[in-house]
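Only one structure is covered here, and it is reproduced in the block below.
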Amino acid sequence: MVGIRGRKSRKSPKRTAAGFSLIEFLVSIAVLLIMIGTALRLLDQGQATFMAQNAEAIAQARARKAINLMTAEISLAGSTPVTITSGAHPGLQPISDSVTASGTSIRVVADRDASGTTDGTATGGDGDINDDVTYSFSGGTIYRTAPNDPAYRSGGIVVPQPVIDGVSSLTISYFDANGNQLSAPINLSAVRRVRLAIVTSVNQLGSQRGTVTVEANVVLRNLQLNRY
Amino acid sequence: MNNRIGCLRQERGMALVIVMFALVVMTIMGLSIAYTAGLEVRSSKNELLANQAYYAAEAGLQEALNVIRGHRCPIGASSCDPVLESNKISLGIASNLSTSNAPTDTATVPRLSRWLSYNAPDDTGVVTLDATNGLYYKVQVETIPGSADVELTSTGYAPLGAKRTLRLRLVNNSTLITPLPAVITLLGTNPSGTTGSSNAHTTSGIDSAATPSSNPNWAQEKPIIGAVGTANVNILRSSSNFGGDKPGTFVTNFPDPVMDIATTNTGVIPFNNDPAQARAFITAISGIANTVLNPGDSLPSGALGTYSNPTIVVANGDLTIGPIRGAGILVVTGTLTLHGNFSYDGLIFVLGEGHVVRNGGGNGTVNGGFVLAAFGNTSTTMDGSPDFHTNGGGGSNVYYNSASIQNALNRIPFSVKAFRTDFTWQ
């Protein structure tokens, strides 16, 4: 201010422009505020749209990642290129003593490396580490468990690893050779097709939510080899 | 006035700053939207290409299966007649480097290049599926050492290096049947048999094929009657059995029509003389048979096949066949009764009771061979008595013929054992 006044007084020493400059200043501030406010509102809307899109993109990418991985692995269920000498027999296997397969969990066994075993921890090719895989869902996260893989073990205990989070729901349905949906308890030997539905939901900036549903039908080719 | 202008002039820089600020913010936003969208597009594109590669591999797999099933003509073939030796295909032919690939192909793996058009005559060659979209595949048919299995591998290629590999493990069912040690093989204790009292018929162990099988174990003269062990051979050589038949009806260069197949080394003793293996054979061949008959069923018309379309028929229990002609492989677990004028090209297995009764004369000819094995449901040794009985005989000939047998073997379907994929994304 001092500098301005100084300069002003130097240019027109007779008039003090203080009053005008205050009004002008206020008006210009007001105009500026309106302009900035409008601009910010536009920006905010743009930002919201962008974030919503971003959230949807992230949700989509996550769902896609999970569905690709699950489809690829589940489709191999039952692959038995050679006689199995050790480990669970290829196919769909029970999750536990009481649960065969459920709407949120599935266990798939396949002798992917044609080794004759499905429980080795490191033998040739990709070994058996991915021969016995369980997918499960809890607390908004889809988990993958591969008990043969040392990376899934901690202190001798098998620890599920998250595949994706931000999952609202995972629904696994089971169908028999005639296309009829099987109900619980699932008769694993009758399953020929599995349908996966994943709903992912991602929040950005608190309120911008992207929700995506991805579905896939997985035909268990190894369980209907007569179709070739 | 001057002052006012001067005053505004003082604030002129502010508009620039604001505009610049807005521009920068908007540019950043725009760029990040474009970047995110670009990422999204690229990820979708990659996924699309990976899927295209997967289905290109699938196309290769199905085309290879088509070739192996004999549904494709060799490239440049003048005729597609499946009976022509040059058009024949089996899993064995498909997995053999010299018979799977074209003569000009220098590829080091069997890849069916006699049927599939590769764009390079070496291992780099691929088959074009869709040139516009850059989709290619290549296949490979490899035998698995120490087993009867064959692995069919198909790799699909899409632009930007996308690649997927699918594998099918196939079972070569023709290895179920091992080269015959004799034209008529009798497994069991106290065997009996006769080719009949007529002298109008011929039983020959000399390969009557115009074009013998390319497998030397099939294309060689066989003893006429084969049995295991001196005691069984002596029984069959006696005058109440084959030894009493008209000598002129046997055509053989072996010292006697009846030979001990444990020592003549003209083939493999069927099922290794083990009933368990014979039972496993019945189960396996039933799984790939064109027709499986239960006790009491009659043979459907046309089920016995023709030379150009041989079939596999399994009859659980007794089977009676009239004066018809057939080709392929016939398995009977009870008594097989053949009436005059029955003709067949291929192999006839009578396992379990091990009884064959040929009634009446007629002029039928069997080109191929018989295997009779007598054993009980739970036997661990061949403990039954096989009987190859001919009433009369007439002109009922049996000629060993490696081409007829090979023709039947070539049409034994493979079965699919396992489907796998290679995980390139891991």
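Below, read A as the first sequence line, B as the second, and so on, with proteins coming before strands; counting in each chain starts at 1. Below, all heavy atoms of this structure are taken into account, side chains as well, without hydrogens, waters or symmetry copies.
- Only the side chain of A:Leu32 comes within less than 4.5 Å of a heavy atom of chain B; its backbone N, CA, C and O stay farther away.
- When the candidates B:Arg420, B:Glu151, B:Arg169 are compared by the number of heavy-atom contacts under 4.5 Å with chain A, B:Arg420 comes out ahead.
- Interface residue B:Val25: only side-chain heavy atoms are found under 4.5 Å from chain A.
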Check your understanding: Is there a side chain to side chain donor-acceptor pair (under 3.5 Å) between A:Ser79 and B:Arg167 once you walk through the steps?
Key -> CA-CA 10 Å; A:Ser79 185; B:Arg167 294 174 191 275; over 6 Å; no
Exercise for review: Tell me, with the steps shown, if B:Met29 and A:Leu43 meet side-chain contact (heavy atoms from CB on, under 4.5 Å).
Suggested key: CA-CA 9 Å; B:Met29 273 181 57; A:Leu43 279 178; 3.8 Å; yes
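- Remark: B:Tyr55 engages no residue in a ring-ring contact (aromatic ring centres under 6.0 Å, His included) (not counting sequence neighbours).
- Heavy atoms closer than 4.5 Å to chain A are found in both the backbone and the side chain of B:Ser44.
- At a 4.5 Å heavy-atom cutoff, the contact between A:Ala57 and chain B is made by backbone and side-chain atoms alike.
- Listed by chain and residue number, nothing satisfies the salt bridge (Lys or Arg N to Asp or Glu O under 4.0 Å) test with B:Asp274 (two or more places apart in sequence, or in another chain).
- Both the backbone and the side chain of A:Ala114 come within contact range of chain B, each with at least one heavy atom under 4.5 Å from a heavy atom of that chain.
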Practice item. Could you give me the CA-CA distance, side-chain angles and deciding distance for A:Arg112 and B:Thr421, then say whether side-chain contact (heavy atoms from CB on, under 4.5 Å) is met? Key: CA-CA 8 Å; A:Arg112 287 197 204 173; B:Thr421 54; over 6 Å; no
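- With a 4.5 angstrom heavy-atom cutoff, B:Tyr54 touches chain A only via side-chain atoms.
- If you measure heavy-atom distances from B:Ser415 to chain A, you find no contacts under 4.5 Å at all.
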